[in-house]
Amino acid sequence: MGTEGAGAPPAGPQSPPSPPLDLDALVRRAHAAAGRSVGELAKAHGYRVPTRLGQHKGFIGQLLEVVLGADAGSESRPDFTGLGIELKTLPIRDTGVPTQSTFVCKATIDGTDSFEFKDTALWHKLSCVLFFPVQGEAAIPLIARRFGTPFLWRPEGAEAARLEADWRALTGRIRAGELEQITGHDGEVLQLRPKAMNASERSLGIGAEGWLVPMPPRGWYLRPQFTRELIARAFDLDI
DNA sequence: CAATGATCATCG
DNA sequence: CGATGATCATTG
């Protein structure tokens, strides 16, 4: 389709689509977005595309929320409230290999996390995810990056067990006062890494002496090696 | 302030 | 050149 329409293009955001009423409706919208570019979808919804993601890191994810009618905003609930589905963009190379880790949620580091994995925010975020692949190589101009085919992921069996094992091990170390020794090297499929606006941000976490002390906030991330497995299975790729 | 959305920058 | 640690914008 042309990108230079003759009429005046909308300058600002339009009224966003309402939330999809059921999974079918969401899947239909999602597949309609597959194969389209960031520029196309932005234009269709009245958004301007920044030149680089640098100062706008969440742009693609937030554009997709609008396109698909996500209704959660910045609240702690699934992107598609009624469906219990979490939306995540997944930046990939043209080979299908993810270019980045995937942020899941802020980690609880003060010892108040549940003892049951399935009661944690981490599990609730991961229990039903609509992954939306998008070209993620910095060499491709943001406006030209295309979305791939989305796929729904519900971890179960051995996969869910791997997530839980990492969570259990890392949470155990947090409770044992070893948080400050945990690095991004730890965890097979999950990572516990810094998640902050800047180096001066602090959260209360369990220190080496067992007391709560201010320290850099942490977040849970999925390793790119793990999301690579998910991509490979979803598209039957040999990567 | 803490949640959402992530990518950037640097090092081994 | 991939992974880790650091960082940026916006919203309720």
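Proteins get letters first, then strands, A, B, ... in listed order; numbering begins at 1 in each. Only this structure's heavy atoms are used, side chains among them; waters, hydrogens and symmetry mates stay out.
Listed in residue order, the members of residues 117-137 of chain A having a heavy atom less than 4.0 Å from DNA chain B are A:Lys125. The stretch residues 193-200 of chain A comes close to DNA chain C through A:Arg193, A:Pro194, A:Lys195, A:Ala196, A:Met197, A:Asn198, A:Ala199, each having a heavy atom under 4.0 Å from the strand. At a non-hydrogen distance threshold of 4.0 Å, A:Gly61, A:Gln62, A:Glu65 from residues 60-68 of chain A come into contact with DNA chain B. Residues from residues 78-99 of chain A lying near DNA chain B, meaning a heavy-atom separation below 4.0 Å, are A:Asp79, A:Glu86, A:Lys88, A:Thr89, A:Pro91 in numerical order.
Side-chain contact between A:Leu152 and A:Cys128: present, with at least one pair of heavy atoms (C-beta onward) separated by less than 4.5 Å.
Between the side chain of A:Arg175 and the main chain of A:Asp113, a donor-acceptor pair closer than 3.5 Å is present. When atom types are taken as modelled, the side chain of A:Arg29 and the backbone of A:Leu68 share a donor-acceptor pair closer than 3.5 angstrom. Checking side-chain atoms of A:Gln181 against main-chain N and O of A:Glu178 turns up no donor-acceptor pair under 3.5 Å.
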Measure all distances between protein nitrogen or oxygen atoms and nitrogen or oxygen atoms of nucleotides 9-12 of chain B, and list the pairs falling under 3.5 Å.
none

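Taking the six-membered ring where the residue is Trp, A:Trp123 and A:Phe117 present tilted rings, their angle falling between 30° and 60°. Between A:Tyr221 and A:Phe103, the ring-plane angle classifies as perpendicular under the 30° and 60° cut-offs.
More than 12 heavy atoms of other shown residues, nucleotides or ligands fall within 6.0 angstrom of atom CZ in A:Arg77.
Rounded to an integer number of Å, the gap from CD1 of A:Ile109 to P of B:dA3 is 11 Å. The nearest whole Å value for the distance from the NZ atom in A:Lys106 to the P atom in B:dG5 is 13 Å. For the pair A:Gln191 CD and C:dG5 P, the computed distance is 8 Å after rounding to whole Å.
For the salt bridge (charged side-chain N to carboxylate O under 4.0 Å, His left out) test, residues two or more places apart in sequence or in another chain that qualify with A:Lys125 are A:Glu86.
Heavy atoms of A:Thr183 sit under 4.0 angstrom from primed sugar atoms or phosphate atoms, though from no base atom. Using a 4.0 Å heavy-atom criterion, one finds that A:Glu201 contacts no nucleic acid atom at all.
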After noting the C-alpha distance and the side-chain angles of A:Arg146 and A:Glu40, does the key distance pass the side chain to side chain contact (heavy atoms under 4.5 Å, CB included) rule? CA-CA 9 Å; A:Arg146 289 189 180 279; A:Glu40 289 168 0; 3.7 Å; yes

Carefully, step by step, assess A:Leu192 and A:Asp186 under the rule side chain to side chain contact (heavy atoms under 4.5 Å, CB included). CA-CA 8 Å; A:Leu192 194 60; A:Asp186 300 303; over 6 Å; no

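Atom CZ of A:Phe147 sits about 10.5 Å away from atom CZ of A:Arg145, to the nearest 0.5 Å.
Between A:Phe151 and A:Phe235, the ring centre distance stays below 6.0 Å.
Each of A:Arg223 and A:Glu75 was assigned the nucleotide of DNA chain C with the nearest heavy atom; the assignment lying further toward the 5' end belongs to A:Arg223.
A side chain to side chain contact (heavy atoms under 4.5 Å, CB included) with A:Lys88 is found for exactly one of A:Val129, A:Leu64, A:Thr227, namely A:Val129.
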